[in-house]
**Student:** 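Mind looking over this structure? Questions follow.
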Amino acid sequence: MNIILIGFMGSGKSSVARCLSELLGRVLIEMDELVYQKTNTKNMHEVFEKGGELLLRETELAITQEVAAEKNLVISTGGGIVLNKITLDYFKAKGGKVIFLHSKFETISKRLEKGQSRPLFINAKKIYDFRLPLYLQYADEIIDADSLSINDIALKIQKMLKDYGL
Ligand code: S3P
């Protein structure tokens, strides 16, 4: 069973996924990295220059179809994965557990205000408000990512999986 981490940019998906994959001895998949490989780019700005947001979303879907068929992965998704309903439906249809790292907008905005690597961070509050219900709708589990350390979040997910009998 795959574990899929979702959440807004800067909610800690990549760090938690790295920690969790080590804790569980599972292979880590960083979807943004696979997007760069598939589109022959080096960063998100290049992806957007090459084909705009559409290229990103189409590539995310193609990657999902490949990785959802595998087992026991820890997958860190891009924050916009919830925009394409079919993508998360696909993960879930293959038995994946979707975990939402819930962070307040204020926390995220403080964390990301210095970074320039995310083309969609302009209009961030609007995007956040639009996406929050989508993250909640898709989540099998919700974790308050503001009150716990990366390590504690990973331990909490490990315990959840034990409770599922996994
Ligand atoms: C995006 C989030 C980014 C990346 C791209 C678009 C989004 O991933 O996929 O810049 O739409 O929220 P992170 O959530 O890992 O920053």
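Predicted, not measured: the structure shown is a model, and the values here were computed from it. Atoms within a ligand are numbered from 1 in the order they appear, just like the ligands themselves.
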**Student:** Between Asn2 and Leu73 (side chain of the first, backbone of the second, donor and acceptor by atom type, cut-off under 3.5 Å), is there such a pair?
**Tutor:**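 A pair under 3.5 Å: yes.
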**Student:** Relative to ligand 1, is Lys13 under 4.0 angstrom through side chain, backbone, both or neither, heavy atoms considered?
**Tutor:**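 For Lys13, only side-chain atoms sit under 4.0 Å from ligand 1.
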**Student:** Check salt bridge (charged side-chain N to carboxylate O under 4.0 Å, His left out) between Lys92 and all other residues, then give those that pass, not counting sequence neighbours.
**Tutor:**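 Lys92: salt bridge (charged side-chain N to carboxylate O under 4.0 Å, His left out) contacts with Asp140.
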**Student:** Heavy-atom distances under 4.0 Å are what count here, so tell me which part of Met44 touches ligand 1: side chain, backbone, both or neither.
**Tutor:**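 The side chain, only.
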**Student:** Can you classify the ring geometry of Tyr135 versus Phe100 as parallel (below 30°), tilted (30 to 60°) or perpendicular (above 60°)?
**Tutor:**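 The rings of Tyr135 and Phe100 lie parallel, inter-plane angle below 30°.
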**Student:** Who are the salt bridge (charged side-chain N to carboxylate O under 4.0 Å, His left out) partners of Glu49, not counting sequence neighbours?
**Tutor:**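 Listed in chain order: nothing, the list is empty.
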**Student:** According to a hydrophobic-cluster definition based on side-chain heavy atoms being under 4.5 Å apart (Ile, Leu, Val, Met, Phe, Trp, Tyr only), do Leu61 and Val98 belong together?
**Tutor:** no
**Student:** Side chain, backbone, both or neither: which applies to Arg131 and ligand 1 if a contact is any heavy-atom pair less than 4.0 Å apart?
**Tutor:**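 Just the side chain.
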**Student:** For Asn151 and Cys19, indicate whether the former's side chain and the latter's backbone hold a donor-acceptor pair under 3.5 Å.
**Tutor:** no
**Student:** Judging by distance only, is a nitrogen or oxygen of Gly79 under 3.5 angstrom from one on ligand 1?
**Tutor:**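 The answer is yes, given that Gly79 and ligand 1 share an N or O pair closer than 3.5 Å.
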**Student:** Would you say Asp32 has any N or O atom under 3.5 Å from an N or O of ligand 1, going by distance alone?
**Tutor:** yes
**Student:** Any N or O of Arg57 that comes nearer than 3.5 Å to an N or O of ligand 1?
**Tutor:** yes
**Student:** Please classify the Leu56 to ligand 1 contact at 4.0 Å (heavy-atom distances, strictly less than): side chain, backbone, both or neither.
**Tutor:** side chain
